[in-house]
Amino acid sequence: MTQTLIRGRLLSFLRRPEAIDDTASYRYEEDGGLLVEDGRIVAVGSYATVRATAPDDAEEIDHRPHLILPGLIDTHLHFPQMQVIGSYAANLLEWLNVYTFPEECRFVESEHAARIARHFYDEMIRQGTTTAAAYCSVHKASADAYFAEALKRGMCMIGGKVMMDRNAPQGLLDTPEMGYDETRAVIAEWHGKGRNHVAITPRFAITSTPAQMEMAAALAREFPDLHIQTHLSENHDEIRFTSELYPDAIDYTDVYAKYGLLGRKSLFGHCIHLSDREADAMSEAGAVAVHCPTSNLFLGSGLFPLKALARREKPVRVGVATDVGGGTSYSMLKTMDEAYKIQQLLGERLNPFESFYHMTLGNAEALSLADRIGTLEVGTDADFVVLDASATPAMALKMEVVRSLTDELFLLQTVGDDRAVRETYVAGKAMKAAL
């Protein structure tokens with residue numbers, strides 16, 4: 001196989017930064033080289049060192065002076081909600097009923113699902129996102145379209161057919177048996193095909209009966225290595241309604257625990273209003289609380305205690321995500337910009353190294369995929385993004401006075417968006433949006 005040598009300024013994380021001056025938490029090469037073969041990274045280090053070990057016929061691509069990081073990772077969003085983004089509503093439940101559920105009904109049509117899948121993956125590539133964990137609709141056709149497009153592009157993607165048998169329009173309801181059977185069929189057809197990962201996906205406790213939750217539990221027992229994704233404690237009305245529907249549960253988190261859905265590969269969107277008991281339960285199970293800052297602000301759901309959860313005696317694992325269409329941007333840069341502001345309102349500081357850790361290695365760890373993605377380590381998949389901190393006139397003007405990597409990262413996070421993404425590589429190949 002032909003090898004490709006990528007040259008540029010390399011930044012990747014080894015662990016979560018403990019402070020802004022924690023230089024041991026990351027690896028930075030001012031003039032770095034990445035050698036790629038057959039979709040994997042086979043050498044990394046200074047350009048001079050990697051060039052000396054590379055074959056003479058290796059193709060060389062020079063991205064200097066830009067910054068090369070692992071591909072960005074999004075741990076929670078909704079593939080069928082591309083045409084829901086920016087919909088005006090008072091709160092979560094109104095937004096679901098007025099906009100989201102009617103839109104998702106359209107995904108019964110395979111042609112519509114395939115069209116939106118193309119747009120979805122184009123947008124991921126444009127934003128520098130190389131892996132995402134997404135909800136499809138209740139229709140198997142939507143999951144088929146989602147995974148078929150991921151396979152075509154060679155992307156590492158997580159997704160699942162939503163299970164939902166109550167409190168939604170008739171066109172969005174399955175049954176406990178149908179939810180089980182169709183999820184099994186999606187697993188059989190798509191899990192492990194290419195880089196696809198199927199997730200067991202009960203939308204949330206409000207839209208699943210106890211009988212359907214039992215079926216989700218059965219799937220979790222049969223396929224213990226699969227991800228599980230759902231929603232938890234996003235909105236006070238949602239929490240109250242869940243308590244009415246599941247009166248025997250101690251609290252919202254206990255609903256999922258009772259059905260065996262609380263584990264290390266469980267991804268819980270939002271988790272804004274957890275009690276200490278719930279946070280302890282999540283910590284003990286190793287479950288992941290997924291922070292969706294633009295969505296939480298847009299829907300007025302609340303302020304996620306990102307830093308507080310991390311420093312608890314029983315810390316909770318955390319991911320970050322766009323949550324489009326409840327979220328207002330596909331960009332992980334904009335996502336962390338809003339996450340920073342939320343922490344400011346809570347009297348906390350989120351430094352730029354932490355933000356870029358969360359977008360890359362942190363989210364890979366949240367997905368239990370850090371052995372494959374989220375780093376620039378030898379042997380991992382060659383997913384990476386090239387970022388230009390001078391991408392717009394305003395950014396270029398600011399860069400004239402930037403004197404440190406810290407300030408450059410903070411500029412990218414605060415002002416950057418898809419225009420700062422010079423190139424997105426998936427399995428070593430530069431990807432272009434189809435649009």
Side-chain angles (χ1 to χ4, degrees), residues 72-96 98-100 103 119-120 123-135 204 229 231-236 238 267-273 288-307 309 318-346 348-352 354-360 362-363 366 385 387 409-421:
L72 308 183
I73 300 169
D74 189 344
T75 54
H76 178 107
L77 76 167
H78 295 262
F79 149 58
Q81 292 179 18
M82 292 196 78
Q83 292 181 296
V84 176
I85 190 171
S87 296
Y88 181 69
N91 56 51
L92 168 67
L93 298 181
E94 178 186 319
W95 178 82
L96 284 172
V98 174
Y99 299 104
T100 304
E103 172 61 25
H119 284 280
F120 179 85
E123 202 58 52
M124 294 298 99
I125 290 164
R126 192 182 347 272
Q127 302 290 348
T129 298
T130 53
T131 292
Y135 291 57
F204 62 156
Q229 57 181 358
H231 297 79
L232 174 62
S233 295
E234 178 178 1
N235 169 284
H236 289 297
E238 167 211 12
L267 309 170
F268 291 96
H270 306 294
C271 297
I272 304 168
H273 307 291
V288 178
V290 181
H291 180 25
C292 305
T294 71
S295 174
N296 297 164
L297 294 172
F298 176 69
L299 293 171
S301 301
L303 307 178
F304 180 85
L306 177 69
K307 303 284 283 190
L309 286 176
V318 171
V320 293
T322 64
D323 192 33
V324 171
T328 55
S329 174
Y330 295 93
S331 169
M332 288 305 299
L333 298 172
K334 301 311 297 179
T335 294
M336 294 314 299
D337 180 36
E338 297 303 301
Y340 172 84
K341 295 171 190 174
I342 287 173
Q343 294 314 298
Q344 287 285 89
L345 289 170
L346 292 171
E348 307 273 12
R349 296 300 299 279
L350 182 64
N351 78 60
E354 288 178 281
S355 293
F356 278 83
Y357 158 79
H358 278 299
M359 285 185 262
T360 56
N363 271 354
V385 61
L387 298 180
L409 294 177
F410 196 61
L411 174 63
L412 279 163
Q413 171 190 315
T414 307
V415 188
D417 52 26
D418 59 297
R419 292 169 295 179
V421 177

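Note that the coordinates shown come from a computational prediction; the quantities given were computed from them, not determined experimentally.
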Would you check if the side chain of [X] reaches a backbone N or O of [Y] as a donor-acceptor pair within less than 3.5 Å?
| X | Y | result |
| --- | --- | --- |
| Glu338 | Cys292 | no |
| Asp337 | Leu333 | no |
| Thr294 | Thr328 | yes |
| Thr75 | Val320 | yes |
| Gln229 | Ala134 | yes |
| Asn363 | Ile73 | yes |
| Lys334 | Val415 | no |

Just so I know, are the side chains of [X] and [Y] near enough to count as touching, which here means a heavy-atom distance under 4.5 Å?
| X | Y | result |
| --- | --- | --- |
| His291 | Thr335 | no |
| Trp95 | Asn235 | no |
| His358 | Leu306 | yes |
| Leu92 | Glu238 | yes |
| His78 | Thr100 | no |
| Leu309 | Phe304 | yes |
| Tyr330 | Met82 | yes |
| Leu350 | Ser355 | yes |

- Query: Passes side chain to side chain contact (heavy atoms under 4.5 Å, CB included), Val318 versus Val288? Steps please.
  - Reply: CA-CA 5 Å; Val318 171; Val288 178; 5.8 Å; no
Any chance you could measure [X], atom [atom1], to [Y], atom [atom2], to the nearest 0.5 Å?
| X | Y | atom1 | atom2 | answer |
| --- | --- | --- | --- | --- |
| Thr130 | Met332 | OG1 | CE | 11.0 Å |
| Gln344 | Leu303 | CD | CG | 12.0 Å |
| Thr129 | Asp74 | OG1 | CG | 6.0 Å |
| Cys271 | Leu232 | SG | CG | 4.0 Å |
| Phe204 | Phe268 | CZ | CZ | 14.0 Å |
| Tyr99 | Gln81 | OH | CD | 13.5 Å |

- Task: Could you pull out all residues at least two apart from Asp417 that satisfy side-chain hydrogen bond (donor to acceptor under 3.5 Å, both in side chains)?
- Result: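 Per chain and number, Asp417 pairs via side-chain hydrogen bond (donor to acceptor under 3.5 Å, both in side chains) with Arg419.
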- Task: Start with the C-alpha gap between Asn351 and Glu354, add the side-chain angles, then the distance that decides, and say whether side-chain hydrogen bond (donor to acceptor under 3.5 Å, both in side chains) holds.
- Result: CA-CA 5 Å; Asn351 78 60; Glu354 288 178 281; 3.2 Å; yes
Show the nearest heavy-atom pair for residues [X] and [Y], with the distance to one decimal.
| X | Y | answer |
| --- | --- | --- |
| Pro352 | Leu409 | CB-CB, 3.9 Å |
| Ala339 | Pro293 | N-CB, 3.7 Å |
| Ala132 | Leu77 | CB-CD2, 3.7 Å |
| His273 | Ser301 | NE2-O, 2.8 Å |
| Ser295 | Asp323 | OG-OD2, 2.7 Å |

- Item | His270: partners by ring-ring contact (aromatic ring centres under 6.0 Å, His included), with sequence neighbours left out |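 His270: ring-ring contact (aromatic ring centres under 6.0 Å, His included) contacts with His76, His231.
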- Message: Checking Phe298 now: which residues fulfil ring-ring contact (aromatic ring centres under 6.0 Å, His included) with it, not counting sequence neighbours?
- Response: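 ring-ring contact (aromatic ring centres under 6.0 Å, His included) check on Phe298 returns nothing, list empty.
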